[in-house]
Amino acid sequence: MIISVINLKGGSGKTTTAMALATAAARHNRNVSVLDTDPQGDATTWAGDAEDAGETLPFTVDSANIGKLKRLRKTMADDELVIIDCPPAGNVVDVACDVADFVIVPATQGPLLSHALETAESLDVAGKPYALLLLKVENNKLAGNAVNLIRERGASVFDASVPKRVGMQKVIGHAFPSNLNGYEDVYLELEEAIA
């Protein structure tokens with residue numbers, strides 16, 4: 001199973017989402033890996049920093065280019081879950097979308113939600129299964145309103161969301177603590193969606 005994390009806006013939480021969901025999958029005994037396709041290499045750097053800190057991530061992180069993505073189905077194990085962390089733009093995003101069985105679009109409430117909705121419209125046109133994931137939620141009522149707005153626009157959205165937590169910045173470059181700050185519920189919902 002291949003999951004691509006895509007948003008055509010930088011700084012939207014793609015890498016954190018990929019790493020947190022991989023952690024949740026590993027905790028559910030899934031054979032999981034992350035492919036870092038972003039030239040900035042944030043996921044790869046995260047894994048290296050964790051290793052330097054003496055922390056072991058429960059999954060592998062590898063850099064990948066377009067060629068590797070195109071051959072991915074031929075090289076991955078039958079039971080493997082591969083999560084692709086994408087850059088905000090470039091041909092690699094198109095290929096990551098093409099090879100994905102499911103796409104996650106991280107989104108925040110407010111003006112940046114329009115970027116996520118544009119991405120959702122593109123995925124609808126392509127016929128690709130996807131769901132928007134609300135991140136940095138400060139108010140559950142407002143999050144509910146955002147979910148309703150997203151659904152009114154005809155876009156798919158996770159019921160689960162990820163609350164805003166100051167401490168989330170501190171986990172970058174480290175293994176996640178036991179609390180995945182909402183990503184556990186997102187993972188369980190994802191498992192239902194891709195079953």
Side-chain angles (χ1 to χ4, degrees), residues 3-27 32 34-38 40 42-43 45-47 57 59 61 81 83-89 93 96-97 100 102-123 128-153 155-194:
I3 308 295
S4 289
V5 183
I6 296 174
N7 187 317
L8 303 180
K9 178 76 177 147
S12 60
K14 294 182 292 289
T15 300
T16 301
T17 296
M19 300 296 273
L21 291 177
T23 299
R27 290 178 182 176
V32 61
V34 171
L35 290 182
D36 186 353
T37 63
D38 192 334
Q40 289 185 346
D42 290 339
T45 299
W46 185 325
L57 298 179
F59 53 88
V61 177
L81 173 63
I83 301 174
I84 303 172
D85 180 28
C86 294
V93 176
C97 183
F102 193 86
V103 175
I104 297 174
V105 183
T108 54
Q109 296 166 260
L112 295 180
L113 184 56
S114 63
H115 290 284
L117 288 168
E118 288 173 18
T119 303
E121 288 172 8
S122 299
L123 294 167
K128 184 63 65 174
Y130 74 93
L132 273 70
L133 171 60
L134 287 179
L135 303 179
K136 301 178 184 175
V137 171
E138 294 186 62
N139 179 308
N140 286 335
K141 183 176 181 184
L142 291 176
N145 292 341
V147 166
N148 290 336
L149 171 69
I150 292 166
R151 288 189 173 135
E152 285 171 11
R153 296 271 306 261
S156 176
V157 61
F158 283 96
D159 290 328
S161 61
V162 177
K164 183 176 184 176
R165 295 281 188 266
V166 176
M168 281 300 283
Q169 290 294 341
K170 293 179 183 175
V171 78
I172 295 172
H174 298 280
F176 276 88
S178 59
N179 180 358
L180 288 177
N181 195 40
Y183 280 107
E184 174 73 22
D185 293 335
V186 174
Y187 173 75
L188 294 174
E189 195 173 336
L190 174 63
E191 278 289 340
E192 287 181 24
I194 62 177

| field | Residues which pass side chain to side chain contact (heavy atoms under 4.5 Å, CB included) with Pro88, listed by chain and number, not counting sequence neighbours | value | Lys14, Asp38

| query | Are any of the side-chain heavy atoms of Pro87 and Thr37 separated by less than 4.5 Å? | reply | yes

| Pick from Asp159, Val186, Ile150: which one makes a side chain to side chain contact (heavy atoms under 4.5 Å, CB included) with Leu134? | Ile150

| Partner residues of Thr15 under the side chain to side chain donor-acceptor pair (under 3.5 Å) criterion, sequence neighbours left out | Asp85

| query | Roughly how far, to the nearest 0.5 Å, is CD1 of Ile83 from OG1 of Thr17? | reply | 10.0 Å

| In terms of heavy-atom contacts, does CZ of Arg153 have more than 12 from other residues, nucleotides or ligands at under 6.0 Å? | no

| said: Taking side chain to side chain contact (heavy atoms under 4.5 Å, CB included) as the definition, give me every residue that meets it alongside Ser156, ordered by chain and number, with sequence neighbours left out. | reply: Tyr130, Ala131

| field | Student check: side-chain heavy atoms of Thr119 and Leu132 closer than 4.5 Å | value | no

| task | Under the salt bridge (charged side-chain N to carboxylate O under 4.0 Å, His left out) rule, collect the residues that match up with Glu191, sequence neighbours excluded. | result | Arg30

| By ring pair (Phe, Tyr, Trp, His ring centres under 6.0 Å) - contacts of Phe59 (at least two apart) | none

| field | Non-neighbouring partners of Asn179 that pass side chain to side chain contact (heavy atoms under 4.5 Å, CB included), sequence neighbours left out | value | Asn181

| message | Please enumerate all residues that pass salt bridge (charged side-chain N to carboxylate O under 4.0 Å, His left out) together with Asp185, with sequence neighbours excluded. | response | none

| Contacts of Glu118 that satisfy salt bridge (charged side-chain N to carboxylate O under 4.0 Å, His left out) - sequence neighbours left out | none

| field | pair Thr16-Val162: side-chain heavy atoms closer than 4.5 Å | value | no

| message | Please give me the minimum heavy-atom distance between Ile6 and Cys97, naming the atom from each residue. | response | CD1-CB, 3.8 Å

| field | Ile3 side chain reached by Leu21 side chain, heavy atoms, under 4.5 Å | value | no

| query | Closest heavy-atom contact between Pro106 and Asn7? | reply | O-ND2, 2.6 Å

| Can you name the closest pair of heavy atoms from Asp36 and Asp42 and give their distance? | OD2-N, 3.5 Å

| message | Quick one: does any side-chain atom of Thr108 pair with a main-chain N or O of Lys136 as donor and acceptor, under 3.5 Å? | response | no

| Is any side-chain heavy atom of Gln40 closer than 4.5 Å to a side-chain heavy atom of Thr45? | no

| Partners of Ala20 by side chain to side chain contact (heavy atoms under 4.5 Å, CB included), sequence neighbours excluded? | Phe176, Tyr183

| Excluding sequence neighbours, so at least two apart, what forms salt bridge (charged side-chain N to carboxylate O under 4.0 Å, His left out) with Arg27? | none

| field | Over all atoms of both residues, closest heavy-atom pair of Val171 and Pro177 | value | CG2-CD, 3.7 Å

| query | What heavy-atom pair brings Leu81 and Ala25 nearest, and what distance separates the two atoms? | reply | CD2-CB, 3.7 Å

| Which value, rounded to the nearest 0.5 Å, describes the distance between Leu135 atom CG and Ser161 atom OG? | 8.5 Å

| Interatomic spacing from CH2 in Trp46 to NE2 in His174 - rounded to 0.5 Å | 9.5 Å

| Okay, side chain of Glu189, backbone of Phe158: is any donor-acceptor separation there less than 3.5 Å? | no

| query | At their closest point, which heavy atom of Pro163 faces which heavy atom of Gly182, and how far apart are they? | reply | CD-CA, 4.4 Å

